[in-house]
Asks: 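This is the structure I have questions about; it appears just below.
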Amino acid sequence: MALFQIAEPGLSAEPHEHRLAVGIDLGTTNSLVASVISGTAEVIRDEEGAALLPSVVHYAADGTVTVGAVALRDASRDAKNTISSAKRLIGRTMKDLADTHNLPYDLVDDPSMVRIATAAGVKSPVEVSSEVLRTLAERAEKRLGGDLTGAVITVPAYFDDAQRQATKDAARLANLTVLRLLNEPTAAALAYGLDNSAEGVYLVYDLGGGTFDVSLLKLTKGVFEVLATGGNSALGGDDFDHRVLCHVTESFRGGNPKAVFTVNGQPAQSLPVHILSAAEKRRLMQLSRAAKEKLTESEETVIDFTFDNGDRVELPLTRAEFNGMTCHLVQKTIAALSGVLADASVEPKDVKGVVLVGGATRMPCVRDCVERFFGFKPLSNIDPDQVVAIGAAMQANKLAGNTSADDDWLLLDVTPLSLGLETMGGLVEKVIPRNSAIPIARAQDFTTFKDGQTAMAIHVVQGERELVDACRSLARFTLRGIPPMAAGAARIRVTFQVDADGLLSVSAREMKTGVEASIQVKPSYGLSDEDIVRMLKDGNGRAEEDMRARELREQQVEARRLLESTRSALDADGDLLNAEERAEIDRLSAELAAAAAGDDVEAIKAGIAALTKGTETFAERRMDRSIREALSGMSVDDALFDETPAEEDKH
Ligand code: AMP
């Protein structure tokens, strides 16, 4: 039962009032800000004309903080205080990061989130990211000429709740209102207007400098659902640079007849042995990258490298040669992509469109290979470095209320798994089914299980299975102060609310007295999309098994409830029975208790029926007595429901 839905922030904008909203692609290496200006989404550049802001922050001992290209310059001079890649650390603990990478700065362990030791004190990745966000927001405010209403910030589809929450905190610290966190692949799909295209499955192929991410999105009624994600966190454009670098160093040893050498200012047949200095290595890396990028436009380039001592190598390189030496890298991306398709049981022919994201997708060999694999051209006409920021800007514009009324659907993301509560017998009652468009709030009424129960333990779970043990536990809390009533008389309204960023809060309210308890679910770790796919598959495959288990648990709960009420009736009015009648009820109770301890559903059902029948006369006599008592001045309620001591239990 849907009780209410949450209005989107900012939807009630006055006509003609244009609210300043931006989309921010908060990247590991670089970040961008974009906005819809005069009806078109565009990236906002800094005063020097640069679109990309390096996601780098330098902390000096005197407290000076610099961000972006200025901070990057400090990286080689003062690496320990120059913080890059904060996105890898945000919302992570040391345990999450174990053996992933060695960063040039020092990490400090903290149970909630890893921190960074700098000359200006210990900093959290949230603070570092907030500096980047603040710089971009200032850039945008300067260009747009006013205060920002808010921002849509993009995060990887695989970011869990802790990483998302930490990203939101970074925005808050930067004084930015987050209109929404948006999955990066969803943003890219929006930039291409795929939300208005045919329903179906779309693939986002994101090859950056150091990582490769694949996301499979399913579009239904304008809502994108992330079906699966995958990729290779150690594969990117840098590996292509490295192949070129190896090709050049091989030529030093005479391994390439096309190489032209100059030694001591004279043409030479070969080179003396050189051990590359750090500066030479750095220059060679830069040249290799430049050559790779040049070959995107040209069929051929020449790598012209001069050693520190003036010796020189000129090496022509054709696109065909480059393609040959990097083919295995492109194949690796196709293998990863095939794995993601297989995980989601999607055939390549079922993919309706492919979006290219990330600078390295400019390489013709990548585009050709993707086209060959799918049999159609991928979408690539938006700058692959800017496409995520552009999609985020378009979404921000809508959320700020700048679009026309018939264009104002806003629900882009959905809950990946069902959210529910544990009920008696370890069963799950789903409150928000999977694939519900967010934001959403749903309420459901529950009741007490025992007479006089004054507290209720609320256990929030996530998953598709019928039994609590097979789902993921998200949070527990207790509602206390329920007035003692008969079992089943209390009305406890439990409300689940998922905000636009996928964060869940749950509240429980006793409707008579209004006592309330609530919890915001901020798990310290979340589910990867692989986990979600696995849990979904698990849920589908086991539906029948779950149904049987559910029926058994339900009958066991019913048996316990009947035994409990019989026991309290015997305690209160046992004197209405003669010894023989009492012995018969005790026997039926014992039989039912024994059946309920086993797993034979039919035996439990039979036991319930027998005890119900066996206590009919007793129930009639109790009713007669209570009517007599009522007539003699007591209320029927008082007579029917005896107060048993307060007891905490599940509902
Ligand atoms: P990103 O992390 O998305 O900014 O991607 C950076 C990667 O894209 C680096 O490896 C760049 O060398 C690569 N890249 C940028 N422009 C080009 C280009 N024109 N051709 C080939 N690779 C490029």
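None of these values were measured; they are calculated from a predicted model.
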Asks: Looking at NZ of K605 and CD of Q555, how far apart are the two atoms once the value is rounded to the nearest 0.5 Å?
Replies: 5.5 Å
Asks: With distance as the sole test, does E225 use its side chain to make a donor-acceptor pair with the main-chain N or O of L219 at under 3.5 Å?
Replies: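 Not a single qualifying donor-acceptor pair exists.
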Asks: Could you tell me whether the side chain of R553 and the main chain of G425 form a donor-acceptor pair under 3.5 Å?
Replies: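 Yes, R553 side chain to G425 backbone: donor-acceptor pair under 3.5 Å.
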Asks: Side chains of D571 and S568: is there a donor and an acceptor less than 3.5 Å apart?
Replies: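 Absent: no donor and acceptor within the cut-off.
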Asks: Taking C-beta and beyond as the side chain, do L552 and I604 meet within less than 4.5 Å on heavy atoms?
Replies: yes
Asks: Between Q497 and S505, do the side chains contain an N or O donor and an N or O acceptor separated by less than 3.5 Å?
Replies: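 Their side chains do not contain a donor-acceptor pair, so the 3.5 Å distance test is not met.
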Asks: Would you say CG of D599 has more than 12 non-hydrogen atoms from neighbouring residues, nucleotides or ligands within 6.0 angstrom?
Replies: no
Asks: For the backbone of R491 and the side chain of K512, can you confirm whether one donor and one acceptor N or O come within less than 3.5 Å of each other?
Replies: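 No; zero donor-acceptor contacts below 3.5 Å.
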Asks: Look only at the side chain of E584 and the backbone of E581, and say whether a donor-acceptor pair between them is shorter than 3.5 Å.
Replies: no
Asks: Is there a side-chain contact between S473 and E422 (heavy atoms, below 4.5 Å)?
Replies: no
Asks: Of all the heavy-atom pairs spanning V152 and A392, show the shortest one and how long it is.
Replies: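 Scanning both residues completely, I find the closest heavy atoms to be CB-O, 3.6 Å.
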Asks: Kindly compute the distance separating CD1 (I482) from CZ (R509), expressed to the nearest 0.5 Å.
Replies: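 Taking CD1 in I482 and CZ in R509, the distance rounds to 13.5 Å.
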Asks: Does G488 offer a backbone N or O that forms a donor-acceptor pair with the side chain of T447 under 3.5 Å?
Replies: yes
Asks: Return the minimal non-hydrogen interatomic distance between L588 and A610, and the atom names on each side.
Replies: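 For L588 and A610, the tightest heavy-atom pair comes out as CD1-O, 3.7 Å.
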Asks: For the pair V428 and L421, evaluate side-chain contact (heavy atoms from CB on, under 4.5 Å) and give the outcome as yes or no after the intermediate values.
Replies: CA-CA 6 Å; V428 176; L421 278 190; over 6 Å; no
Asks: Begin from the C-alpha positions of E184 and K87 and carry the test salt bridge (Lys or Arg N to Asp or Glu O under 4.0 Å) through to its verdict.
Replies: CA-CA 13 Å; E184 288 162 7; K87 187 170 175 179; 2.7 Å; yes
Asks: Quick one: does T167's side chain get under 4.5 Å of I90's, heavy atoms only?
Replies: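 Sidechains of I90 and T167: in contact.
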Asks: Salt-bridged, R548 to E551, with N to O below 4.0 Å?
Replies: no
Asks: Tell me whether S129 contacts the main-chain N or O of V126 through its side chain, where contact means a donor paired with an acceptor under 3.5 Å.
Replies: no
Asks: Using every non-hydrogen atom in the two residues, find where T454 and P484 come nearest and quote the distance to one decimal.
Replies: CG2-CG, 4.0 Å
Asks: Can you find a heavy atom in the side chain of R622 that is under 4.5 Å from one in the side chain of R625?
Replies: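 The answer is no, as the side chains (C-beta and beyond) never meet within the 4.5 Å cut-off.
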Asks: Just by modelled atom types, is the K349 backbone N or O under 3.5 Å from a matching donor or acceptor in the E347 side chain?
Replies: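 Answer holds: no.
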Asks: For F477 and V506, work out which heavy atoms get closest and say how close.
Replies: CZ-O, 3.8 Å
Asks: Between E127 and S130, what is the shortest heavy-atom contact and its length?
Replies: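 Reported closest heavy-atom pair: O-OG, 2.8 Å.
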Asks: Below 4.0 angstrom, N of the basic side chain to O of the carboxylate: do D573 and R621 qualify?
Replies: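 No.
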Asks: Within a strict 4.5 Å, meaning less than it, do heavy atoms of the D445 and V494 side chains meet?
Replies: no
Asks: Run the numbers on T478 and R480 for side-chain contact (heavy atoms from CB on, under 4.5 Å), then give the verdict.
Replies: CA-CA 6 Å; T478 304; R480 296 183 191 281; 3.8 Å; yes
Asks: Could you tell me whether the side chains of E510 and T513 share a donor-acceptor contact shorter than 3.5 Å?
Replies: yes
Asks: Using modelled atom types and a 3.5 Å cut-off, is there a donor and acceptor pairing between side-chain atoms of T93 and backbone atoms of M113?
Replies: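 Answer holds: no.
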Asks: Hey, does L182 have a side-chain heavy atom less than 4.5 Å from the side chain of V155?
Replies: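 SC-SC contact between V155 and L182 ruled out.
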Asks: I need the R465 CZ to K430 NZ distance, nearest 0.5 Å.
Replies: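 Here the rounded value is 9.5 Å.
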Asks: Are N183 and F224 close enough that some pair of their side-chain heavy atoms sits under 4.5 Å apart?
Replies: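 They are not in contact (no side-chain heavy atoms under 4.5 Å apart), so the answer is no.
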Asks: Out of curiosity, R180 CZ to I153 CD1, how far, rounded to the nearest 0.5 Å?
Replies: 13.0 Å
Asks: Supply the atom-to-atom distance F618 CZ to L577 CG, rounded to the nearest 0.5 angstrom.
Replies: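 Here the interatomic distance stands at 4.5 Å.
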Asks: Could you tell me whether the side chain of L26 reaches within less than 4.5 Å of the side chain of T154, counting heavy atoms only?
Replies: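 The answer is no, as the side chains (C-beta and beyond) never meet within the 4.5 Å cut-off.
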Asks: Check step by step if salt bridge (Lys or Arg N to Asp or Glu O under 4.0 Å) holds for E558 and R561.
Replies: CA-CA 5 Å; E558 180 54 22; R561 198 196 53 71; 2.8 Å; yes
Asks: Return the CD to CG distance between Q165 and D160, rounded to the nearest 0.5 Å.
Replies: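 Here the interatomic distance stands at 11.0 Å.
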Asks: Pair E591, R587 - check salt bridge (Lys or Arg N to Asp or Glu O under 4.0 Å), show working.
Replies: CA-CA 6 Å; E591 271 180 19; R587 187 184 65 78; 2.6 Å; yes
Asks: Show, in sequence, the C-alpha distance, side-chain angles and deciding distance for L419 and L474, and conclude whether the side-chain contact (heavy atoms from CB on, under 4.5 Å) test is met.
Replies: CA-CA 9 Å; L419 296 162; L474 288 182; 3.7 Å; yes
Asks: Given the rule in the side-chain contact (heavy atoms from CB on, under 4.5 Å) test, do L611 and T615 qualify, once you have shown the distances and angles that lead to the verdict?
Replies: CA-CA 6 Å; L611 182 58; T615 51; 3.9 Å; yes
Asks: What closest approach, in Å, do D169 and R172 show between heavy atoms, and which atom pair accounts for it?
Replies: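 That closest heavy-atom pairing would be OD1-NH2, 2.6 Å.
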